[in-house]
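Here's the structure, in structure tokens; my notes come after.
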Amino acid sequence: MKTHKNIAVFIPHLGCRKACVFCSQSAITGVARTEPDLQSELVRIRTAIEQAVPTLGGADAEIAFFGGSFTGIGEERMLAFLRCAGEYLGGNIKGIRCSTRPDYINEHICELLAAHGVTAVELGIQSTDDKVLAASGRGHTAEQSRLACELLVRYGFELGGQMMVGMPCADLQSELRTASDIVGFGASTCRIYPMVVFRETPLYRMAVSGEYSPLTNEEAARRAAACARVFIDAGVEILRIGLHASRNLADAPFGANHPAMGELVESEIYYGVIKEKLAGQKVSGTVTIQIPRGELSKCVGQKGACRARLAAETGAEIRFVQTDALQKYDVRIIS
Ligand code: SF4
């Protein structure tokens with residue numbers, strides 16, 4: 001199977017006229033929150049692309065503008081970025097993707113994106129509960145997300161939905177509804193971000209004052225896994241769970257700051273899938289479970305936690321066998 005890569009170009013906070021309580025784009029991407037002049041930005045974009053091209057190794061790729069609200073950076077700048085990226089389209093580089101906010105999407109923007117080689121748009125939906133959106137100062141409503149998705153699907157873009165777990169005023173039920181809504185909006189890909197509390201954000205102050213209770217890594221993994229199951233069952237591809245490991249993430253004082261949060265969540269997904277398969281079965285001695293090749297560490301869990309939980313709950317020894325015959329997240333109980 002041919003692999004797919006993103007050539008990531010980060011545009012931290014540029015284009016964002018809002019200030020979500022949890023946002024610290026400079027902390028997440030490690031890039032300063034300033035707006036450099038256009039020419040130096042274009043040089044940065046060219047450098048990022050030209051450095052990435054030799055590393056593609058034959059994989060198909062998209063140039064991906066991530067980090068801020070791409071369609072809110074001003075039309076002139078956005079078009080300059082797109083024209084610059086557009087010069088590299090062709091061969092392995094199949095298109096351009098960007099991430100933005102639901103309230104920065106309209107017909108005019110869709111026309112511009114479509115005319116300049118954009119193939120996929122990822123929307124920061126975060127929640128479809130207006131109470132949750134308001135508590136985070138998102139500055140848009142769930143209805144705006146729905147309308148933006150409808151428009152993007154109508155224009156033929158691959159739609160990605162980004163959601164968060166552990167926002168202020170959110171609970172598991174609102175998060176599961178958000179995942180279902182994103183599926184219903186027509187997303188073919190998604191990203192799940194358990195909330196991390198960075199130091200210089202309003203959310204940090206809310207956490208210190210007790211107004212907000214940060215998730216533990218374990219709670220974050222459980223809730224993100226439950227949402228992930230909604231996407232998996234609907235056939236929506238999960239592109240990422242959790243932030244990339246970084247010094248900034250390691251310095252984050254609260255929330256889902258584990259450097260391998262994605263792996264924790266995937267372990268939790270496998271735990272749930274295996275438990276469902278074992279439900280109603282009488283097991284004793286050793287249970288052998290077939291799992292997809294390459295997924296052993298997730299099935300075993302960090303420090304063997306997933307296997308130990310299954311063993312404690314079933315009273316059996318758990319043995320995993322890898323096979324090429326199963327797709328990701330599928331398992332089979334052998335004996
Ligand atoms: S929309 Fe995104 S970039 Fe803008 S303030 Fe919120 S989290 Fe930060």
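Atoms within each ligand, like the ligands themselves, are counted from 1 in listed order. On a predicted model such as this, the values are computed, not experimentally measured, just so you know.
Ring planes of Y329 and Y270: tilted class, angle from 30 to 60°.
A cation-pi arrangement, defined by a distance under 6.0 Å to the six-membered ring centre and an angle within 45 degrees of its axis, is present between R309 and Y271. Under a cutoff of 6.0 Å and an axis angle of 45°, R191 and F66 form a cation-pi pair.
Every atom of ligand 1 with a heavy atom of R101 under 4.0 Å away is listed here by number and element: 1 (S). Which parts of ligand 1 touch R138 is read off a 4.0 Å heavy-atom cut-off, strictly below it: atoms 1 (S), 6 (Fe), 7 (S). Annotation for ligand 1: atoms under 4.0 Å from non-hydrogen atoms of F22 are 7 (S).
By the ring pair (Phe, Tyr, Trp, His ring centres under 6.0 Å) test, F157 pairs with no residue at all, sequence neighbours left out. Residues meeting the ring pair (Phe, Tyr, Trp, His ring centres under 6.0 Å) test with Y204, sequence neighbours left out: F254.
Not one N, O or S atom of C23 sits under 2.8 Å from atom 6 (Fe) of ligand 1.
Taking each of C20, P102, G124 in turn, the one with a heavy atom nearest to atom 5 (S) of ligand 1 proves to be C20.
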